Amino acid sequence: MRAANPTCLPRQRGATLIEALIAFLVLSLGMLAMARLQNHLRLNSDVARQRSEAVRLAQEDIETLRSFATIASAPGVRSYAAIAPAEISVQSGTGFHSNASYEVARSVDASDATTLKTATVAVHWTDRTGGAQRAVLSSVIARSNPALSAALAVSTSVSTRTAFGRSARIPLAAKDLGNGSSVLKPVAAGTLAFIFDNATGQVTAICSGVGAGTTTMNLSLADLGTCDAVSGMLLSGQVHFSNAAPPDAARANDVPLPLAVRLVPTGGTYPAPPSCASEAQKMVAFSTPAGARRLAVPIDAVPASVGVSNWVDLGERFVAYHCVVTPLNGRWSGRSSLEPQGWALGNAGNEYKVCRYSADQDGSGAVDSNAEHPDSYSHVDATLLQQNFLVIKGDQLCPLGAHVTADVQGTRVYSNLGTVQHQP
């Protein structure tokens, strides 16, 4: 019997069970590694997003500290003196779009507060694995006058500071509170007061509950009552009356009629409606230990109301008005008008007509800037003063005339003796 030839046996094909198991193990390890890599990438992506948000929160807190408007503490105003340690929580469940909750802790080194403060902001949060994460930013905040940061942006036609050492955009009648801010009570018998930042002239607060018998001259920080912080711009001026025929725009000192000033903003939904106040006033002059003073007082005021024994009535009569506008995205547009109280607008002899003092101050050939008192304001980005009106008999024409320029306490002042009809 012949022996089998090994070379003639059938060849083995396929894989053994052990080989298949080894291959499956290698494939499983690879897939597990890929899954872990994917999870690791998602975690890193989450942490990167959260770290960016934490840095933004820290930067926002530091920039808020930098945006102080005055050095000394003032109601409703961010100040250098108020820079202090603080802690806040930013929760994802309260409208904050994030998958994490943050704890923001600020520490302040004020050991050399006369020149600078060092603020360190640490933001803590927990990632999706329960690991603690942290981002820290530090910055030095110099004790510098906020006015210097904006001096280059101020128009060259208006001085940055007046003789009182404050912004030229603050009404002269406002009282300096000695803490980097000034206060004006627009109506002596009213209960409202406006707070201005001395450096910028911006309205930083509106205070209510002020004593009705307290005048601007007698106001102190303790008298301000409840103050609500705002970021407002002032629109103010005077309303003069002339019953002469023809009317005299330069000597319009007849007794004012009761009225209110209305400002209607346009171009969007504003954060708050304008706050306007008006009061019939007269100009008086009197002597003080510091020298002679000229002051606008309520039309029925007596010398004792400002703490003097006597004064000289200068014969000027008008209605002073002040409106605080909270801008929309830093600007506002709109139209101001007078609302008669007990008298009527019209073209008859027993009615009245409203003219506005308006002139081409810049020589452009048209009344095309907000400072020139146009019919409607457009994109106002700063305080507007001397937006004056003239009320005349309805059967008369608004008087024409040129404007006169003068320097008053370092501020260029335009006396607009030319008028145009505004109402009706």
Side-chain angles (χ1 to χ4, degrees), residues 56-57 59-60 63-64 66-69 75-78 90 94-97 146 149-150 153-155 157-158 167-171 181 184 186 192-197 199-208 226-237 239 259-278 321-339 345 354 356-358 361-362 364 366-389 420-424:
R56 186 194 68 80
L57 290 172
Q59 288 177 330
E60 185 179 72
E63 291 307 315
T64 299
R66 290 184 181 280
S67 64
F68 61 87
V77 182
R78 289 176 181 165
V90 181
T94 56
F96 186 78
H97 300 293
S149 63
V154 177
S155 170
S157 64
V158 180
S167 172
R169 295 188 173 99
I170 297 177
S181 63
L184 174 70
L192 287 181
F194 301 148
I195 305 296
F196 300 85
D197 175 61
T200 64
Q202 185 180 36
V203 181
T204 58
I206 298 178
C207 301
S208 58
T226 302
C227 296
D228 296 321
V230 299
S231 180
M233 299 175 188
L234 186 68
L235 173 72
S236 70
V239 183
L259 60 86
V261 176
R262 185 184 184 201
L263 176 59
V264 179
T266 58
T269 302
Y270 287 75
S275 176
C276 293
S278 58
Y321 75 90
H322 300 84
C323 294
V324 175
V325 188
T326 303
L328 178 64
N329 298 324
R331 298 170 182 269
W332 67 270
S333 302
R335 188 176 192 269
S336 62
S337 60
L338 304 188
E339 294 187 336
L345 295 172
V354 178
R356 68 178 187 276
Y357 288 89
S358 183
Q361 299 174 1
D362 55 14
S364 65
V367 176
D368 51 6
S369 73
N370 292 314
E372 294 173 346
H373 200 178
D375 180 73
S376 296
Y377 299 102
S378 179
H379 303 296
V380 180
D381 59 2
T383 286
L384 292 176
L385 306 177
Q386 301 180 26
Q387 304 297 289
N388 303 327
F389 292 98
V420 293
Q421 185 169 333
H422 192 71
Q423 294 172 263

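Side chains included, hydrogens not; waters and symmetry mates left out as well; all remaining heavy atoms used. This is a predicted model, so every value here is computed, not measured.
- Residue Ile195 holds its CD1 atom at 13.0 Å from CD of Gln202, rounded to the nearest 0.5 Å.
- Using bins of under 30°, 30° to 60° and over 60° for the plane-to-plane angle, the ring pair Phe389/His373 lands in the perpendicular bin.
- Proximity of Val239 to Asn388: side-chain heavy atoms (C-beta onward) are nowhere separated by under 4.5 Å.
- Summarising the geometry, atom CG belonging to Asp375 is positioned 9.0 Å from atom OG belonging to Ser358; distances are rounded to the nearest 0.5 Å.
- A pairwise comparison of heavy atoms in Phe194 and Pro186 identifies CE1-CG, 3.8 Å as the closest pair.
- Annotation: the span from Leu385 atom CG to Leu234 atom CG amounts to 6.0 Å, rounded to 0.5 Å.
- Listed by chain and residue number, nothing satisfies the side-chain hydrogen bond (donor to acceptor under 3.5 Å, both in side chains) test with Thr266 (two or more places apart in sequence, or in another chain).
- Atom-to-atom distance recorded for Gln387:CD and Ser236:OG is 8.0 Å, nearest 0.5 angstrom.
- Smallest separation of non-hydrogen atoms from Pro374 and Ser369: CD-O, 3.5 Å.
- Asp197 and Ile170 make their closest contact through O-CD1, 3.6 Å (heavy atoms, listed as atom of the first residue, atom of the second, distance).
- Residue Asp381 qualifies as enclosed at atom CG: its count of foreign heavy atoms under 6.0 Å is above 12.
- Partners of Tyr377 under the ring-ring contact (aromatic ring centres under 6.0 Å, His included) rule, at least two apart in sequence or in another chain, are Trp332.
- Closest approach of Met233 and Gly330 over heavy atoms only: CE-O, 3.2 Å.
- Atom-to-atom distance recorded for Arg66:CZ and Glu63:CD is 5.5 Å, nearest 0.5 angstrom.
- Here the closest heavy-atom approach between residue Val324 and residue Gly232 is recorded as CG1-CA, 4.2 Å.
- For the atom pair OG of Ser275 and CD1 of Ile206, the computed distance is 4.5 Å after rounding to the nearest 0.5 Å.
- A pairwise comparison of heavy atoms in Leu328 and Thr269 identifies CD1-O, 3.4 Å as the closest pair.
- Legend: residues meeting side-chain hydrogen bond (donor to acceptor under 3.5 Å, both in side chains) with Arg262, ordered by chain and number and at least two apart, are absent.
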